[in-house]
Structure formats: structure tokens, C-alpha cells
Colleague: 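Got a structure here, written out as C-alpha cells. Questions coming.
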Amino acid sequence: MNTLKRIDPRRPFTITADGLKRITLGVTGVTGSLEFPTHGGASHREQAKPRRSTAVPQRVILVAAHADRGALDDHARQTLAGAALIADSATEVVLLVFGEFSGDAAALGADKLIELPMFDRRSFAPLDELNALAACVAAYAPVHIFLPDNATGDGDLGRRYAAAANASVATHVVEIDAAHVAAYVQANTAFAARKLPEVVLLAPNAVDPKLPFVGAGERVMWRFDGEPASQQGVVRDLGIEEIDAAQLALEEADFIVSAGNGVSDVPAFERLAATLGAAIGASRVAVDDGKFTRDKQIGATGKTVEASVYIAFGISGAVQHLQGIKDCRHVIAVNLDASAPIAKRANLTLIADAQETIAALNEAAAAARTARGTGAALLNSTAVVEGALA
Ligand SMILES: Cc1cc2nc3c(=O)[nH]c(=O)nc-3n(C[C@H](O)[C@H](O)[C@H](O)COP(=O)(O)OP(=O)(O)OC[C@H]3O[C@@H](n4cnc5c(N)ncnc54)[C@H](O)[C@@H]3O)c2cc1C
């Protein structure tokens, strides 16, 4: 059995369920007192976890983040986990989600969930979001507000709030515990620490998001009555410009179809990518065979990708390839061999011929596009894929 632990030398510290660690040892889980072993939903949960706290809350830590298509991304989950890990038993973790959220808030560590479905990560409404956050802060009077320090809305919102409320703030936080935060400064040549400020903007990967407990996960009906048009004339949303997926760097692609040695009909595969609006990736064997250019290679000696959807056609899932897709959210494998290693990594595996599946998907996607108009968005395409694979 391999007992070697993984070490990420880039992190100064990581906060885990066992406290701060220089070395990421992975999650140990808790086998101790399982006071409240059940929490509704999530049948995939391996083992019931205890509630973090059942004490009457005296304080609140507020975590605010945008949802992306109903879910929080890794960075937002880490931020929520960071709050839950440093919260003591008298502190309640309240999660404020901008956008629709259909995830399991309790499993992510939240005691309360406030969903603001009127907001959408893809639209630009900084003042309305600021008003909503300020109203939530007024309602809950949190001791700290945590947000992921990202470039997709949360980092900006945290800075705006700190400036508007004249609150103490720490940005790009890479190290955190219940008493202090720390960040690199002076172009990463120095490391600065300070006591926990009111607003904490957490850098990615400072917290291990896997928790040994669950939160209460209570959904709160909280109405934000802010006037959505309040910023008219101040901020103008120019919308999102769609670009050809083929022009996108693979590292930035949200939807990737990838071909391995099991793909022989490359033109049909490329047609599928174009129809779905997906970027093209490939295994090293497919690249070595001359079917794709080297910049399409995904894996240890190729690109590392973070797509929401990654479809692997005829790819065995060698360890070097899996290394490149470790951060992908949903992996779908199409392979003739049910025992191929990719099946262990995949969220969904279709035991089928790659060429037949590609042809069927081409037909289904083209039919769906015709029915819905040519402007089919990623979501539609993803639904087509999932529908066709079902
Ligand atoms: C130092 C080093 C670095 C490497 N770096 C990388 C890297 O960055 N990226 C990378 O990908 N690899 C890398 N490799 C190579 C890696 O080990 C594998 O050899 C490679 O990933 C295999 O590619 P594959 O899965 O496409 O091909 P194969 O291993 O040949 O697998 C093909 C798969 O397709 C399935 N299949 C066959 N026909 C069909 C069909 N008609 N329909 C459906 N399924 C079918 C088979 O069941 C099989 O699972 C590296 C290797 C080394 C030693």
C-alpha cells in the first residue's frame, strides 16, 4: 500500500481540520463522537459526520461568494471551510450566495444559507451586490466576513465592502488561523502577518476544503429588497463577449473534449468540439501520433486544465494524463474498457465505442442547436451531452 503523503512545497501553511500544517497531509476525517450523524440528502457521502456545533450561537462569521451554475467552485468552498474550521462552538457560519445555489451547504460547513438568486456571476452589478452584502452584514453583524480573493466578482466585492464600511481588510491571505492571517507582500519577497481583520480575502489553496464535520445547513428566507436599478447610470454592464472555444487557451477552457488513442475519426471529433463550443484536448499518444498539435496535450508533460466538464474519448487515464485533469469538475469518460483507470476518476463512464458516441452526440447536439437556435450556450451543450450520454 502506498503510504507516501503528498507535499505541496508552495504553501507556507495550510489550515486543515487538525490546525495549521506546513505539509498537507490530506484529510484525516474524524471518527470520534458522532453526536448527530445524519443530515438529509447526499447519498454519496461516505460516512456520516458530526455537526460542528450544537451550541447556541453568540457570534457570526459571514462567508460571501458567487455561485457558478448552482454550485460553489473550489476556491469558494475553501473559503467556507476556512471559516468553519476557525469558528468556535459559539460561532455560527452564515453563507451568503450570490446566484442560485443547489449544493449541500451543510456538507460544505455552513450553518445558515442565504441564497440571492437575483444575482448572476456573469452579469456586472457591483453596487447592487455591495448593497446586498451590506444589508446582510447589518442583519447578522458578523465578526468577520470571508470571501474568496478571485477575479470573478468576490475579490472585487470584498474590497468594495471594506472601503465602503471602512473595515479592516487582508487580501491574498495564504495563511490563516483563529487569531491571525498572513500574506506575501513586496512582490512576494516578504511575508506579513496581522491579527484577523474584519474582511478576509482568501487566496486559493490556503485551506483544505474537506471537513470532518457538517454545519447545520439551515436555509434562511432572507429578502433583499435593494433596488436593482440603483446603479443605473453609474455602472454599465456590457455583457460577456463570446469567443470561439478553439481560440481559448486550454487552461482557461470551461468545457473540453479530449481525444486519446481510441479516437480514429478525428474530423468527426473536431466537428463535435465545434458543435458543442468546446475546446480540444488530447492525450500524449494522440499527439505523438500526429493527430493533434503538441499544444493540445493534457497531462504531466502537457497542460493542466480546470474545466467544469471534461469528456475523455478513448483515453485510458494513465497517471500522467490524470495529473493534468485533477482540477476538472465533471469528468465523463467514453471507453470500450470498463476497467480503464479513467473510469475511476470519471464521474460518469460510458462503455461504448468512441466513434459511435461522437457520431450520436454530433447528431443530438446539431438537432438541439437547430431546435434552440444557434446561440446555444455552454449549459445547453452540457445538457445535450449529459442527456445523450444518459
Ligand atoms: C514521462 C512521461 C510523461 C507523460 N506525459 C503524458 C501527458 O502529459 N499526457 C498524456 O496523456 N500522457 C502522458 N504520458 C503517456 C501516458 O503514460 C500514456 O501512455 C498515455 O496517456 C496514453 O494515451 P491514451 O490513453 O490515449 O492511449 P492508450 O493507453 O492506448 O489508451 C487508449 C484507450 O482507449 C480505449 N479505446 C480504444 N479503442 C476505443 C474505441 N474505439 N472507443 C472507445 N475507447 C477505445 C482503450 O480501452 C484505452 O483505454 C507520459 C508518459 C511518460 C512516461
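Atoms within each ligand, like the ligands themselves, are counted from 1 in listed order. Along the sequence shown, residues carry numbers from 1.
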Colleague: Is Asp237 paired with Arg122 through a side-chain N to carboxylate O contact shorter than 4.0 Å?
Modeller: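 Salt bridge between Arg122 and Asp237, a charged N being under 4.0 Å from a carboxylate O: no.
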Colleague: Strictly below 4.0 Å, N to O, side chains only: are Arg284 and Asp289 in salt-bridge contact?
Modeller: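 Here Arg284 does not pair with Asp289 in a salt bridge, since their nearest N and O are not under 4.0 Å apart.
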Colleague: By side chain to side chain donor-acceptor pair (under 3.5 Å), which residues pair with Asp337, not counting sequence neighbours?
Modeller: Ser339
Colleague: Charged N to carboxylate O under 4.0 angstrom, Asp73 versus Arg121?
Modeller: yes
Colleague: Would you call the rings of Tyr310 and His321 parallel, tilted or perpendicular, taking 30° and 60° as the class edges?
Modeller: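 Tyr310 and His321: tilted rings.
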Colleague: Give the residues near ligand 1 by chain and number, with the criterion being a heavy-atom distance under 4.0 Å.
Modeller: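 Contacts of ligand 1 under 4.0 Å: Gly260, Asn261, Gly262, Ser283, Arg284, Val285, Gln297, Ile298, Gly299, Ala300, Thr301, Gly302, Gly314, Ile315, Ser316, Ala318, Gln320, His321, Asn335, Leu336, Asp337, Ala340, Ala352, Asp353, Ala354, Gln355.
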Colleague: Take the angle between the ring planes of Tyr184 and Phe191 and call it parallel below 30°, perpendicular above 60°, tilted in between.
Modeller: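 It falls in the tilted class, 30° to 60°.
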